[in-house]
Amino acid sequence: GAGVSQSPSNKVTEKGKDVELRCDPISGHTALYWYRQSLGQGLEFLIYFQGNSAPDKSGLPSDRFSAERTGGSVSTLTIQRTQQEDSAVYLCASSLTDGRGNYGYTFGSGTRLTVV
Amino acid sequence: AQSVTQLGSHVSVSEGALVLLRCNYSSSVPPYLFWYVQYPNQGLQLLLKYTTGATLVKGINGFEAEFKKSETSFHLTKPSAHMSDAAEYFCAVTGSGGYNKLIFGAGTRLAVHP
């Protein structure tokens with residue numbers, strides 16, 4: 001598609017439930033990122049996928065968070081046993097990246113997650 | 001490793017005044033630097049970026065930024081603020097060579113008063 005697509009745009013869930021957030025990157029973009037933006041906060045790096053390399057998971061805040069990227073394209077961020085502090089906007093971005101450089105990041109509109 | 005510091009979480013200017021949003025970075029490799037803008041309830045939009053070449057970079061909506069290696073800075077400026085510039089601005093850095101994650105500063109919220 002023309003841009004990065006995220007779904008759902010809004011998600012309200014009960015504490016303790018699992019949620020899945022989806023990201024469709026721009027076709028051909030080799031790198032995919034997940035960030036979290038809490039109310040009044042900056043962007044917190046969560047996880048980074050680059051081609052077929054092992055993902056950089058260094059930003060995941062706990063083992064309740066996991067992500068996968070299937071076929072080098074669509075990515076799913078899963079949060080298990082959600083807590084109220086997980087409430088935030090989850091942003092996905094993709095980029096065309098190779099060993100010589102990064103040719104620009106494009107962000108999706110985000111998924112606003114509310115845990116009640 | 002890379003990091004970004006944005007000085008001033010809130011900046012307020014009058015319409016028509018100079019806008020200056022400060023960004024300092026640290027990077028263990030030559031950096032690529034970015035400014036993004038986020039309008040209320042919207043996603044992030046790229047304003048401008050520095051990768052290589054000219055150190056003064058011009059972006060959309062009249063914004064520009066200058067990469068100063070000696071000062072490890074990439075401050076964002078606009079000569080004359082407009083009401084529509086009110087938004088949150090994020091500076092970000094990644095290492096050159098491609099295989100590096102993008103790290104953001106905490107953001108600066110710009111308010112423009114009539």
Side-chain angles (χ1 to χ4, degrees), chain A residues 2-7 9-10 23-26 29-60 67 88-112, chain B residues 1-11 21-25 27 29-53 57 59-60 87-111:
Chain A
V4 177
S5 178
Q6 290 188 246
S7 59
S9 55
N10 282 282
C23 174
D24 265 294
I26 291 175
H29 277 195
T30 54
L32 186 147
Y33 305 76
W34 283 97
Y35 292 86
R36 178 169 71 175
Q37 186 175 27
S38 302
L39 187 62
Q41 302 297 311
L43 280 81
E44 176 188 7
F45 167 78
L46 297 178
I47 189 168
Y48 164 41
F49 296 89
Q50 172 60 53
N52 295 320
S53 302
D56 178 348
K57 304 179 180 181
S58 60
L60 294 178
V89 176
Y90 289 81
L91 292 166
C92 176
S94 70
S95 67
L96 182 60
T97 304
D98 61 24
R100 293 182 299 278
N102 186 297
Y103 304 99
Y105 301 80
T106 303
F107 281 81
S109 297
T111 294
R112 182 176 298 278
Chain B
Q2 289 79 36
S3 67
V4 176
T5 301
Q6 291 184 242
L7 295 176
S9 58
H10 290 79
V11 171
L21 304 183
R22 298 178 185 274
C23 172
N24 288 88
Y25 70 91
S27 179
V29 296
Y32 289 172
L33 294 154
F34 304 79
W35 276 99
Y36 283 86
V37 61
Q38 186 178 35
Y39 297 102
N41 299 314
Q42 294 187 27
L44 273 76
Q45 180 181 1
L46 180 66
L47 269 180
L48 50 79
K49 64 181 179 181
Y50 167 80
T51 54
T52 59
V57 180
I60 62 172
E88 186 144 25
Y89 293 80
F90 293 94
C91 182
V93 65
T94 186
S96 60
Y99 299 127
N100 292 282
K101 61 194 178 194
L102 185 64
I103 301 299
F104 284 86
T108 297
R109 185 167 297 279
L110 175 67

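Convention: sequence-line order gives letters A, B, ...; per-chain numbering from 1.
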J.: Is a side-chain N or O of B:Gln2 found less than 3.5 angstrom from the main chain of B:Ile103, in a donor-acceptor match?
T.: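 Not at all, since once roles are kept as given, no pair shorter than 3.5 Å links the two residues.
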
J.: Is chain B contacted by the side chain of A:Ser58, its backbone, both, or neither, given a heavy-atom distance below 4.5 Å?
T.: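 Only the side chain of A:Ser58 comes within 4.5 Å of chain B.
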
J.: Can you name the residues that form a ring pair (Phe, Tyr, Trp, His ring centres under 6.0 Å) with B:Tyr36, not counting sequence neighbours?
T.: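 For B:Tyr36 the ring pair (Phe, Tyr, Trp, His ring centres under 6.0 Å) partners, ignoring immediate neighbours, are A:Phe107, B:Phe104.
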
J.: Check whether A:Leu91 gets within reach of chain B through its side chain, its backbone, both or neither, counting any heavy atom under 4.5 Å.
T.: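 Contact with chain B is through the side chain of A:Leu91 alone.
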
J.: So for A:Gln37, is it side chain, backbone, both, or neither that comes closer than 4.5 Å to the heavy atoms of chain B?
T.: side chain

J.: With B:Gln6, which residues qualify under side-chain contact (heavy atoms from CB on, under 4.5 Å), at least two apart?
T.: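 side-chain contact (heavy atoms from CB on, under 4.5 Å) check on B:Gln6 returns B:Val4, B:Trp35, B:Phe90, B:Cys91, B:Thr108.
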
J.: Students often mix this up, so state it plainly: with edges at 30° and 60°, are the rings of A:Tyr35 and A:Tyr33 parallel, tilted or perpendicular?
T.: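 Answer is parallel, since the angle falls under 30°.
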
